[in-house]
Amino acid sequence: MGWIILGLIYIALVIAFFVYLGGPLLALTGVCFAIGFVGLYLNTLFEVMVKEPSPVPAPVKRPPSETPPDGEEPAYRQYFFGQALADLTHTATVAFGRCRDVVTKSAVWINESLFSDLVLGTWPLGVVAYAGLVVGALVGGLVVGLVAVIHATVVLLLQACAWVLAYVLRFVDTGLRRVRKIRIHCPTCFEEVTFPAYDCPAETCSIRHGDVRPGAYGVFRRVCFCKTRMPTLIILGSHRLQAYCPHCDNALAEATGTSREVVLPVLGGTAAGKTRLMASMVMALDEMASDHGASLVFADDHTKREYERHRTLLVAGENTRATQATQAPRAYSVYVKPRSGTRRLVHIFDPAGELHNEIERMQELQYLRSARTFLFVVDPLSIESYWSALTDEEQAKLEPERPDPRSIRSPEFVFTSSCDNIQRMEVKTNKARLAVAVSKRDLLGDLSVQSGVDPSSESIERWLRDELGLGNMLRSMKHNFGSVAFHFTAAVRHDDGKVDSSIIDLMSWVFERDHLVFTSSGAASAASEPAPSPVTAF
Amino acid sequence: LSATAVDPFRSIRLTVFAVTLLGAALVVFVAVVMASNWVEATFFAG
């Protein structure tokens, strides 16, 4: 009887336990497990994302060390384009493993502690603990799942923002360049460049990045495989890196994409004096820049090297060497910043005279498409009527200056050939300007054959037409080009170190449309005058 | 330009962690408010 009573009391206590304490204990256990699981997830997230060094680092995909052929870049993919998903998966996997360990260890503890020797007294606690474990695992799993979903949502939202921001930045960069009429052309192949390739700025790396624009490899900056950061757009500072043409891999001008480009092709027959004239123009720019608060900066090493070479020859009064016709010319590129106004990148092209005789080779000169002003150099010594009008003494004196008679092409032939080719490239020459530079004024200015010709455009035109019989060429020039002006030029440097003022006058006309104005007080000064007129403004 | 990064994703990971934490806190806050409303409506109504 006593056992029955004890049994009934035991049953009553168990029932009372389940009725009055079971629920709250179950809820407490469940809440503890749920909070514990969320804590585990957040702790894992902290260890993966924040703690350094991470005890559970997420795998990071290493970028290739060289630019692979399939268009992959030697840079880390932007966080939201690969690594974010890897971090999310890694965090979830590690956190799930830790939660499972907790459940397993808790189950073992419940078994060992609550279903052992004192089983009659502890089994209700064990049952509640087991139920709490199950409920806690379910609730905790749900809450952890919710946090993981929040994590994934954050990743997806930021990824979407990164995409939008990347394309907004691209649009702004392109838009700003369009508004400022800045286009990028390669000075070697002269293809238009949508966006340059850049080398990694780290001295120990220097790997080429083909397309650094915002995208999968970075929005504001990208990280090279050597972990060096690089800006992704010109407005973000990529112009400070060395740029390369994506078409021909040659170096572009320094700070390319920051200034409007001005293209000036120098056309003319072999040994017409194109190279000398071009070098004198750059020299004049240099002089004027230092004298009048403007600035001239060589846009690349090639231009600086060639300029120094030609400058030495001009200062010494020697002839420049003929331009090689073996390859398409590379531009002489200089940045010109007037005292007031915006900076311009001036590309002056000096193709070999022989190219004008070859239609196919002329078609290689793609830069002609971008020019709005052309400079045509006429060497009077290549005109038969001029040469035959000289006295024997004058011919003997000038023989060394005359182009090789075997390679002489008349200016008319060279102009017609050049004009045809330019028009074949669909250049609207009727909207372009043509400056005709009658060269070697320093040698020929005092000759009787040029007596009475003043340096005005009209006078030179009349002389070329009436005295030298170039009427057809002049008519063709006037017919094909929107505006034509004639200049005598003397590509020489005087004793006072100044370039002849005829060069400045020529430049004033050539660059007028591009708002690069050069003036000299003696606009009509002739090259034969020993001292050039002082430059008054730039 | 050439500042070398030890961890290329350091700053962005910190941002994601902070935003996730804020998001979780917001969800917990909303859950607690909803639960308290339910408790109030269920056990202390009237």
Side-chain angles (χ1 to χ4, degrees), chain A residues 35 38 41-42 45-46 48-54 57-58 60 63 75-80 82-84 86-88 91 143-144 146-155 157-158 162 198 200-205 218-219 221-231 236-238 240-241, chain B:
Chain A
I35 291 173
V38 172
Y41 186 88
L42 292 178
L45 188 65
F46 174 80
V48 171
M49 307 278 277
V50 182
K51 196 171 182 184
E52 276 195 339
S54 171
V60 176
Y76 286 88
R77 289 183 81 83
Q78 207 270 348
Y79 182 71
F80 294 110
Q83 190 58 43
D87 282 358
L88 174 66
T91 303
V143 176
V144 166
L146 189 62
V147 174
V149 167
I150 292 169
H151 184 179
T153 308
V154 168
V155 166
L157 279 176
L158 290 178
Y198 291 99
C200 171
E203 286 180 7
T204 52
C205 177
V219 178
R221 291 186 183 84
R222 68 163 47 192
V223 180
C224 178
F225 85 96
C226 72
K227 294 189 177 176
T228 301
R229 293 182 188 279
M230 299 169 66
L236 298 173
S238 70
R240 280 176 275 166
L241 307 176
Chain B
L1 283 179
S2 57
T4 301
V6 176
D7 175 5
F9 305 128
R10 176 80 184 148
S11 56
I12 200 79
R13 275 175 164 157
L14 281 172
T15 308
V16 171
F17 177 73
V19 174
T20 305
L21 219 56
L22 280 174
L26 186 68
V27 168
V28 169
F29 176 75
V30 170
V32 167
V33 168
M34 286 173 70
S36 67
N37 285 343
W38 178 80
V39 168
E40 194 178 350
T42 309
F43 298 105
F44 303 101

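Quick note on labels: first sequence line is chain A, next is B, and so on, each numbered from 1. Please read these numbers as outputs of a predicted model, since none were measured by experiment.
Interface remark: A:Leu158 contributes side-chain atoms only to the contact with chain B (heavy atom separation under 4.5 Å).
Atoms CZ and CG, from B:Phe17 and A:Asp87 in turn, are 12.5 Å apart once rounded to the nearest 0.5 Å. Here the straight-line distance linking atom OG1 of B:Thr20 with atom CE of A:Met49 works out to 6.0 Å at 0.5 Å rounding.
Using a 4.5 Å heavy-atom cut-off against chain A, no residue of residues 30-38 of chain B qualifies as contacting.
Among A:His151, A:Glu203, A:Arg221, the residue making the largest number of heavy-atom pairs under 4.5 Å with chain B is A:His151.
Closest approach of A:Tyr79 to B:Val16, counting heavy atoms only: CE2-CG2, 3.8 Å. Minimum interatomic distance between A:Ile150 and B:Ala24 (heavy atoms only, all atoms of both residues): CD1-CA, 3.9 Å.
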Worksheet item: Can B:Leu21 and A:Phe46 be said to form a side-chain contact (heavy atoms from CB on, under 4.5 Å), step by step?
Response: CA-CA 10 Å; B:Leu21 219 56; A:Phe46 174 80; over 6 Å; no
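B:Val19 pairs by the side-chain contact (heavy atoms from CB on, under 4.5 Å) definition with A:Val154, B:Thr15, not counting sequence neighbours. By the side-chain contact (heavy atoms from CB on, under 4.5 Å) test, A:Ala148 pairs with A:Tyr41, sequence neighbours left out. Under the rule for a side-chain contact (heavy atoms from CB on, under 4.5 Å), the partners of B:Leu14 that lie at least two apart in sequence or sit in another chain are A:Val50, B:Arg10.
Using a 4.5 Å heavy-atom threshold, the side chains of B:Phe9 and A:Val223 count as separate.
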